Every structure is written in structure tokens, then in C-alpha cells.
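Structure first, commentary second.
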Amino acid sequence: MKKSIRHRIMFLFISLMAGVLLVIWAINSWWLEGYYTSQKVNVMEEAYETIDAAVMERVDAGENIGDVITREMAREWEIFSQLARPPFAGGETGEETGGGSRGRVQSGEDILGEEIRQELDETLLGTIRRYGESNNITIVLIDSSTGKAVLNSGREGEFLARKAQRYVLGMGHEQTEILVQCDNYVVEKNQDHRQGGNYLESWGFFSDNNTLFLMQMPLASIRESVALSNRFITYVGIAAMVLGSIVMYLATWQVANPVMKLAALSERMSNLDFDARYEGDAQDEIGILGRSMNKLSEKLKETIGELKDANQQLQHDIEEKIQIDEMRKEFIANVSHELKTPIALIQGYAEGLTEGMAEDAQSRDYYCEVIMDEADKMNKMVKQLLTLTALEFGNDTPSMTTFDITEMIRDFLNSASILFHQKDAHVDFEADGPLYVCADEFKTEEVLRNYLSNAMNHLDGARRIRVRAARTGESVTVWVYNTGNPIPQEDLPNLWTKFFKVDKARTRAYGGSGIGLSIVKAVQDAHHQICGVANVEDGVEFFFTLQAAREPES
């Protein structure tokens, strides 16, 4: 079950969960800090634009920003004093603090009425307070004409005021990274060892070109936050993977169990048990598949039944064909059409002798010679038929031995030299030394005899016969060539058929029966070798192959 669909789904789910967790971890590690900083920069820019608009509204009305701040602070003090909730804890104004109207804005609970709250929010001081409270921004405003701070909204107000003045003078920028630089202000990231940490600072002048400002926003340790976030995500992710794996395991079981039933059903069907049926009633894809398999089972059962009937009929036809073929072979083996002519001749000449038609000794000798010749032809034909029938039925299997085919051919040619002389045939033999084969030597000699007999009976022209033997790969091939007329191309495939004759008149003249080449084919089939014929220049060439063998040890 290593390739179970349940295991694959579980592996896919766990891989997907781990991939998502890894992607979130990578995003947190590589992009969260930059995203956090860019959002804070946007807040700083928005704060500048809003406060700058409020400042310019007062300046355009001919008011001094310091006076505006002092008046608005006094109004807030009056309101909160009436509510016993002063907004400036420990704050000073006027000359007691070193000049100007300045103070530290303190936020408290919202206990004001709607109208008073709206009044305070629409003031310049309210605008500054809103950004300070909502985004933790410390803001310092300095009148550049007097160098006095008109507003500081944090505990480090005086320090920040001095820092703003140093920035204007081009001092204190050793460990800063400029993020935004505009005509009137700069937003930069600063590492302040005195305050302990990283800060986002925006400083410059408002559009009145008189009010110097510095806004400072502490940057939480984003890397620490990222690490904490990653740990939290890891814990949550692992818990989700464990819980999700359990849920997926149970869910996949609901899918895999019906699939396993369908697998068992298909196995029974493969064993030709077509009575197996899917019993589920689900309306999903598995239910549809199960009902489809039931229909398939019924169709297969019906089709295989028809195939069995057709197979029985085919088997019956094959048996009839075999019987007919056996009858044909038996008929050929026992009563051949070729026997009719010699029997008729023998009968005729025998009757002539009986009726005294050959009174002189010379005529009687002629009659007897014809009878003996025809009887010899019949005897030869019957022997060939018996040999062919035995080979075809497998009753005469080859007796395999290892021998030198070159020596066998040479001995046969020497013994048949008188026959070649009678036919006025010129025989050449070519061979590359000893060639050992593994075959039935007697049957191989029968093949060679039939080829040479066929060659002598069809000699013409230069009346040459050439025998060659050579090694061809894992076999030894023997060629027998004779000069003469080519065989019609359409007759070449039929030469190996019993009793087939290309020129029946010529065949009758030399007493051929048309069985010799059939015997050659049967012998070669018994040896699991091949034989063939081809028309070549000025003649015809037959060949047969035998399995090559090593020279036997002496």
C-alpha cells in the first residue's frame, strides 16, 4: 500500500500546509519589515500634509503659530479645568519655561461632549494631538525666527527641539537613512542610542517657511516582532498540520474505503466472476463508477458467453479442417494421381506380352525394360511419398550429429560423377575449408541429392552446375546453381508444393514426380532452417541453411 491514494492525499496535504507555512515565514522574514516601515512613512507624510494645511490656514488668516498654540492650549486648559481633568500635567507656559508658549500635550479619557470634542478636534492643537495619540508620534514645533519651541508633545520635548535645530544646521546625521526627501521636509530612519532604539523622524519646515518641526515615531523592533510572529506561525502551523492530518485521514478513509471495494470488485471480475456487484447507493463519482462497473460486468458476461460459443464453433471447424487435411495426406500417401500413368504403361506392356505381341526376343526385352523402368519410377515415388508423410507428421525426426558438410558434398559429388558424365554436366565445387554443421547427415544428403537431381534435369546452355558452401553468421549456407531457363516468377513460391511441376512434359520425360522439393522443404522445417530459390544470370540457384557447429575434438 505504499502507493495508496490515501497516503498520496495525506502527503499532498502535509506538503501544501508546509509550503504555505514556509511561504508565510519567508514573507514575514523578508518583506514584513519593509512593509511596516513603508506604512509608517506614509503616516508621517500624511501627518505633515494635514498639519501643514492647518498651519497654512492660520498663517493665511494673519495669525502667528505661537500665538495660536498658546490660545488653543489656554482654551483646552479652561475646558479641562472645569472638568477637573487638566490636559497638561506638569506643563509650563510663558517665561517660566524658557520662553514662548509651549507645553506638553497629555491625552486622557474622552469625557467631553460632542460639541466640545468637535471644537477641540478642529483646532491646530487637536490635529497634532490626533496624530500623536493614534500613531504614537511625538511632535515638536519651533519658531525659527526666535528659536523658541512653541509646542512639544512628549517627555523628550526639549531634547527633540535641540535635535531639530542640529538637523537644520546639518549635524547629527551620522546614523540615519533617508527614506523620503521633499522640498520642505525629510523622512529618515534614525538609530538613537540616547533614546534607545530605532526611530522614524520627519523634520523640516512647514509651508510658511518659519515653523520648524520635528516628528518622531518609535519603530518597534520589527525583527523581534518577525521572529515572534514566525514562532507563533510555526506553532499554529504545526498544530494545524497535526489536526488537519487527522481530519484528512478520516476524510480520505471515506473516499478510499469505497475505492478499495471497487478494486476488490474489479479483481473478482478479472477472475471472470461476473456475479460480483457494487452494492453502494452513493450519488457521487464513486457511486457512478460502481454502477458503471456493474453494467460492464453484465456486458462482459454476455460477450464472453458469445465468444465461448464462437470459439466452440471455431474449434469444431478446425477439427474438421484437420480431418480433411489428414484425409488428403492419407490419400496422397496411398493413392497418388501420379501412379496412374506408370500403372497404365505397365498394364499395357504386360498385356502385350500376354497376347504374344512381342514374339522376338528383342521386342520382349524392350517390353520388359519398359515395365521394369515404370515399376522403378512407381517404387521411387512411393518411397518419396512415405518419406514426405513421415516428415510432415513428425514421425521421422532428425538425428542431429556434427559433421563436415564440405567433406559430405565432396564425397557425394565423387560418387555421382558418372551421373554427371551421362548428363554431360560440368560440376564445380567451392568451399572455404572444413565447415562443420549440426544436422541429420542422411537427411542433409537427401536435400543435396534432390537439389543436384533437379539441377541435372533442368540443365541447358553451358550445362554447368556449381555448388558452393560458406559460413553465414551462425549458419552454414549451401548453394546449388545450374545453367538453364529461368523459372517463371509467379511459380517460385509454388515449387515447394507437392506434385507441382513447372513443365509437366519435361518432368515426365525424366521421370520427375514433383515431390523432391517438397521433401527438401519438410527436411529444412524439421531442422528449423530455411531453403529458397532465385533466378540468377543464365540460370537458377537453390540454397539451404544448416546450423553451424564447432569442429569436434579428436
Side-chain angles (χ1 to χ4, degrees), residues 376-377 379-381 383-384 386-388 390-391 396-460 462-472 475-484 495-496 507 510-527 529-534 536 539-552:
D376 182 63
K377 290 179 181 178
N379 184 47
K380 180 179 179 182
M381 184 185 300
K383 287 182 178 180
Q384 287 180 330
L386 292 174
T387 300
L388 181 60
L391 287 170
D396 188 10
T397 56
S399 178
M400 309 298 283
T401 58
T402 300
F403 62 93
D404 183 3
I405 187 76
T406 302
E407 182 180 356
M408 188 208 77
I409 295 174
R410 187 175 287 112
D411 291 344
F412 182 82
L413 294 179
N414 291 334
S415 63
S417 59
I418 188 170
L419 297 177
F420 299 139
H421 181 71
Q422 291 175 355
K423 293 287 187 177
D424 194 20
H426 303 281
V427 181
D428 297 324
F429 175 50
E430 301 174 5
D432 299 332
L435 294 171
Y436 288 90
V437 296
C438 181
D440 188 314
E441 187 172 1
F442 175 77
K443 289 181 172 57
T444 302
E445 185 176 343
E446 180 72 14
V447 171
L448 183 64
R449 179 184 293 107
N450 282 317
Y451 272 180
L452 289 172
S453 176
N454 186 75
M456 286 188 292
N457 292 328
H458 292 85
L459 273 175
D460 206 348
R463 304 189 68 79
R464 283 198 164 280
I465 296 176
R466 182 174 65 248
V467 182
R468 293 185 298 126
R471 179 75 175 263
T472 53
S475 302
V476 171
T477 304
V478 179
W479 294 270
V480 177
Y481 162 82
N482 68 273
T483 58
L495 292 179
W496 317 102
T507 304
Y510 64 78
S513 62
I515 302 175
L517 293 181
S518 299
I519 293 176
V520 170
K521 183 68 168 60
V523 170
Q524 289 301 106
D525 289 344
H527 280 85
Q529 297 294 321
I530 61 172
C531 57
V533 60
V536 296
V540 179
E541 188 172 59
F542 287 81
F543 73 90
F544 67 94
T545 63
L546 295 172
Q547 181 182 348
R550 295 182 179 180
E551 180 179 356

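Here the structure is a predicted model, which is why all the values come from computation and not from measurement. Counting begins at 1 with the first residue of the sequence.
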Point to revise | Check ion pair Lys443-Glu446 (N to O, under 4.0 angstrom) | key: no
Study note, to complete from the structure: One should read off an interatomic distance between Asn482 CG and His458 NE2, to the nearest 0.5 angstrom, of 8.5 Å
**Study point:** Pairwise distance CD(Glu445) to CD(Glu441) - rounded to 0.5 angstrom
**Key:** 7.0 Å
**Study point:** CZ-CZ distance between Phe420 and Arg463, expressed to the nearest 0.5 angstrom
**Key:** 12.5 Å
Check your understanding: Would you say the side-chain atoms of Thr402 pair up with the backbone N or O of Cys438, donor to acceptor, closer than 3.5 Å?
Key -> no
Exercise for review: Just jot down the salt bridge (charged side-chain N to carboxylate O under 4.0 Å, His left out) partners of Arg410, sequence neighbours excluded, or say none.
Suggested key: none
Check your understanding: Looking only at heavy atoms, which two atoms of Val533 and Phe543 are closest? And how far apart?
Key -> N-CE2, 4.0 Å
Review point. Does Thr406 use its side chain to pair, donor to acceptor, with the backbone of Gly433 at less than 3.5 Å?
Key: yes
**Study point:** Close side-chain approach of Asp411 and Ser415, heavy atoms under 4.5 Å
**Key:** no
Check your understanding: So which heavy atom on Ala455 is nearest to which on Ile465, and how close?
Key -> CB-CD1, 4.1 Å
**Study point:** pair Val478-Leu435: side-chain heavy atoms closer than 4.5 Å
**Key:** no
Exercise for review: Sorted by first residue and then second, give each salt bridge (Lys or Arg N to Asp or Glu O under 4.0 Å) pair with at least one member in residues 539-551; sequence neighbours left out.
Suggested key: Arg468-Glu541
Check your understanding: Could you give the distance from CH2 (Trp496) to CD1 (Ile519), rounded to the nearest 0.5 Å?
Key -> 12.5 Å
Check your understanding: With no hydrogens and no angle check, is any side-chain donor or acceptor of Asp440 less than 3.5 Å from a backbone partner on Met400?
Key -> no
Check your understanding: Would you say the side-chain atoms of Ser475 pair up with the backbone N or O of Ala548, donor to acceptor, closer than 3.5 Å?
Key -> no
Practice item. For Ala526, check side chain to side chain contact (heavy atoms under 4.5 Å, CB included) against everything at least two apart and list the hits. Key: Pro398
Review point. Between CD1 of Ile418 and NZ of Lys423, what distance do you get to the nearest 0.5 Å?
Key: 13.0 Å
Review point. Within the distance-only criterion (no hydrogens, no angle test), does the side chain of Thr483 pair as donor or acceptor with the backbone N or O of Asp460 below 3.5 angstrom?
Key: yes
Review point. When you look at Met408 and Leu448, which way does the side-chain contact (heavy atoms from CB on, under 4.5 Å) test go after all the steps?
Key: CA-CA 10 Å; Met408 188 208 77; Leu448 183 64; 3.8 Å; yes
Point to revise | Any side-chain heavy-atom pair of Lys521 and Leu495 under 4.5 Å | key: no
Check your understanding: Distance from Tyr436 atom OH to Thr401 atom OG1, nearest 0.5 Å?
Key -> 12.5 Å
Point to revise | Glu407 vs Pro434 side-chain heavy atoms within contact, under 4.5 Å | key: no
**Study point:** side chain to side chain contact (heavy atoms under 4.5 Å, CB included) involving Asp428 - partner list, sequence neighbours excluded
**Key:** Arg464, Arg466
Exercise for review: Apply side-chain contact (heavy atoms from CB on, under 4.5 Å) to Asp424 and Leu459, showing your working.
Suggested key: CA-CA 9 Å; Asp424 194 20; Leu459 273 175; over 6 Å; no
Exercise for review: Answer yes or no: is there a donor N or O on one side and an acceptor on the other, between the side chain of Gln524 and the main chain of Ile530, under 3.5 Å?
Suggested key: yes
**Study point:** Under the side chain to side chain contact (heavy atoms under 4.5 Å, CB included) test, residues paired with Ala439 that sit two or more places apart
**Key:** Phe403, Thr444, His527, Leu546
Practice item. List in chain and number order the residues that pass ring-ring contact (aromatic ring centres under 6.0 Å, His included) with Tyr451, two or more places apart in sequence or in another chain; answer none if no residue qualifies. Key: Phe542, Phe544
